[in-house]
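We number each residue from 1, following the sequence as shown. The basis for the numbers below is simple: all heavy atoms, side chains too, and nothing from hydrogens, waters or symmetry mates.
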Amino acid sequence: MLNYDKHLREPMDMPDPGFPIKVHTQRFDRAGVVTFPHHWHEHLEFLFIESGEAVFECGRTPFQVRAGDLIAVNSNELHYGISASNDLLYYAIIADTSLLHSAASDSAETKFIAPIQQNRLLFSNHVSGDQHISDCALTIIRELERRELGYELAVKAELYRLLALLLRRHGVTELSQAEQTRRIQTIERFAPVLLHIDTHYQEPIFVEGLAALAGLSRFHFSRLFKELTGHTVSEYVNAVRLDRADYMLRHTQLTVSEIAAATGFNDIYYFSRTFKKHKQRTPSSVRGF
């Protein structure tokens, strides 16, 4: 069950701190279900789609993904997911960048590993139709599941191979130190804003109040908010409210009118129209699914 009140910067415990990488299997049997709310973390994450379809958003860009696709989520990158089919199965490979570190200051360390750890080397988010990438991701998943003798060597080797394939075949963006500093500062500045929306979505939310939380003028706040999330404030707030409403429709016995009121919609007709526009189905049809 999703916990909608957790902080957007997700804590990431590792089952083995001495080998900080893990894999989660995620299954969803309904379209339109939020697979994970907006959040970010310092770890690298790779989402490999085994079956079904979903929409995963990285930064401000949504990607329609299907079986065989891989999403690379860079460190400190805001991301969000929603299922788009009734048979979604994907794996989340989560790795602490310290796993990549080498004690020797060789060219691999200085040219690639250090910039990845410093979050200055950003991978392209969406990989589709690349069998080499798929095979590499599946090998990491199977090794972490089976944990046979020497799996640590196999996983680390495949992780390096995955990074090399992403770099060679799908390109990277290299940020300057100044660009990376600005990126982190923007995320940190907006953390209380996004957290406020996530925890007060049922209340009236005004741009002026959010801008004050970020210590910005309304104009600069609105511009940076759109740059960070890809949405206007009203679009983002509505998306959060609709996701909560969708969850409540599926997991509570509240009426549609009660759910509309509980998620910040004072007008049941506006709620129904907005829900259908964004979810491609009526609230009552979700309740009866």
Side-chain angles (χ1 to χ4, degrees), residues 12 14 19-29 31 33 35-36 41 43-75 77 79-97 99-102 107-109 111-113 115-117 119-174:
M12 197 66 69
M14 288 292 173
F19 194 66
I21 184 171
K22 61 182 178 180
V23 62
H24 292 308
T25 303
Q26 305 287 352
R27 299 175 186 270
F28 296 87
D29 59 2
V33 177
T35 62
F36 49 85
H41 41 70
H43 298 72
L44 285 174
E45 184 170 13
F46 302 100
L47 307 173
F48 180 75
I49 316 305
E50 177 76 18
S51 64
E53 297 184 6
V55 176
F56 292 145
E57 186 176 289
C58 296
R60 54 185 180 178
T61 307
F63 300 99
Q64 184 82 35
V65 297
R66 53 184 55 85
D69 288 5
L70 180 129
I71 290 288
V73 181
N74 293 288
S75 174
E77 186 165 54
H79 52 292
Y80 164 87
I82 187 167
S83 64
S85 68
N86 299 331
D87 60 343
L88 176 62
L89 167 60
Y90 70 90
Y91 301 97
I93 304 168
I94 304 164
D96 190 319
T97 55
L99 184 66
L100 305 171
H101 179 66
S102 171
S107 57
E109 177 73 18
K111 290 172 64 176
F112 305 109
I113 304 306
I116 290 172
Q117 287 185 299
N119 206 208
R120 290 190 292 110
L121 204 61
L122 305 180
F123 294 102
S124 297
N125 295 120
H126 187 202
V127 175
S128 182
D130 190 324
Q131 190 62 49
H132 292 87
I133 293 285
S134 298
D135 291 345
C136 190
L138 283 171
T139 298
I140 293 173
I141 292 163
R142 302 308 176 217
E143 289 287 349
L144 286 170
E145 288 178 339
R146 295 167 183 165
R147 295 180 174 268
E148 297 174 345
L149 179 64
Y151 80 92
E152 297 95 338
L153 291 172
V155 167
K156 198 164 184 177
E158 289 297 324
L159 183 58
Y160 278 115
R161 178 169 174 257
L162 176 59
L163 298 181
L165 288 170
L166 289 171
L167 187 149
R168 285 179 175 179
R169 302 162 72 96
H170 301 281
V172 294
T173 300
E174 188 164 4

May I ask you to decide if the ring planes of Tyr91 and Phe48 are parallel, tilted or perpendicular, using 30° and 60° as cut-offs? parallel
Distance-only, no hydrogens or angles: does the Ser124 side chain make a donor-acceptor pair with backbone N or O of His170 under 3.5 Å? yes
Going through the checks in order, is the side-chain contact (heavy atoms from CB on, under 4.5 Å) test met by Asn125 and Asn74? CA-CA 8 Å; Asn125 295 120; Asn74 293 288; 3.8 Å; yes
Which atom of Leu88 lies closest to which atom of Ala54, heavy atoms considered: CD2-CB, 3.8 Å
What's the spacing between Phe46 CZ and Ile141 CD1 if we round to 0.5 Å? 11.5 Å
Who passes side chain to side chain donor-acceptor pair (under 3.5 Å) against Tyr160, sequence neighbours left out? none
Mind checking side chain to side chain donor-acceptor pair (under 3.5 Å) for Gln131 and listing every partner two or more places apart, or none if nothing turns up? Asp135
The criterion is side chain to side chain contact (heavy atoms under 4.5 Å, CB included); which residues satisfy it with Thr97, sequence neighbours excluded? Leu44, Ile116, Gln117
Search all heavy atoms of Asn86 against all heavy atoms of Ala31 and return the closest pair with its distance. OD1-N, 3.0 Å
Once side chain to side chain contact (heavy atoms under 4.5 Å, CB included) is applied, do any residues pair with Pro115, and if so which ones, sequence neighbours excluded? Arg120, Leu121
Glu145: side chain to side chain donor-acceptor pair (under 3.5 Å) partners, not counting sequence neighbours: Arg142
I need the full list of ring-ring contact (aromatic ring centres under 6.0 Å, His included) pairs touching residues 122-150, with sequence neighbours left out, sorted by first then second residue. Phe63-His126
Residues passing the salt bridge (charged side-chain N to carboxylate O under 4.0 Å, His left out) test with Glu152, sequence neighbours excluded, are none
Quick one: list whatever passes ring-ring contact (aromatic ring centres under 6.0 Å, His included) with Phe56, sequence neighbours left out. Phe36, Tyr90
Side chains of Val23 and Ile140: closer than 4.5 Å at any heavy-atom pair? no
CD/Glu57 to CD1/Ile82 distance, rounded to the nearest 0.5 angstrom? 10.5 Å
Does the side chain of Ile71 reach to within under 4.5 Å of the side chain of Glu45, using non-hydrogen atoms? no
Show the nearest heavy-atom pair for residues Ala67 and Ser51, with the distance to one decimal. CB-CA, 4.0 Å
How long is the straight-line distance from CG of Leu47 back to SG of Cys58, given to the nearest 0.5 Å? 7.0 Å
Between Asp29 (side chain) and Asp87 (backbone), is there a donor-acceptor pair under 3.5 Å? no
Taken to the nearest 0.5 Å, the spacing of Leu89 CG from Phe28 CZ works out to 10.5 Å
Short side-chain to backbone donor-acceptor contact, His24 and Lys22, under 3.5 Å: no
With a 3.5 Å distance limit and no angle check, can you tell me whether Ser83 reaches the backbone of Val33 through a side-chain donor-acceptor pair? yes
Nearest-0.5 Å distance, CG of residue Leu167 to CG of residue Leu162: 11.0 Å
For the pair Asp96 (side chain) and His43 (backbone), establish whether a donor and an acceptor sit closer than 3.5 Å, ignoring hydrogens and angles. no
What is the distance from atom CG of Leu166 to atom CG of Leu122, rounded to the nearest 0.5 Å? 12.5 Å
Hits for salt bridge (charged side-chain N to carboxylate O under 4.0 Å, His left out) against Asp130, two or more places apart or cross-chain, chain-then-number order -> Arg169
Contacts of type side chain to side chain donor-acceptor pair (under 3.5 Å), residue Ser128, not counting sequence neighbours: Asp69
State which residues pass side chain to side chain contact (heavy atoms under 4.5 Å, CB included) with Ala84; sequence neighbours excluded, sorted by chain then number. Glu53, Gln64
For Arg161, the salt bridge (charged side-chain N to carboxylate O under 4.0 Å, His left out) test, sequence neighbours excluded, returns Glu158
Taking it one step at a time, do His41 and His79 satisfy side-chain contact (heavy atoms from CB on, under 4.5 Å)? CA-CA 9 Å; His41 41 70; His79 52 292; 3.4 Å; yes
Minimum-distance pair of heavy atoms, taken over all atoms of Lys156 and Phe19: N-CZ, 4.5 Å
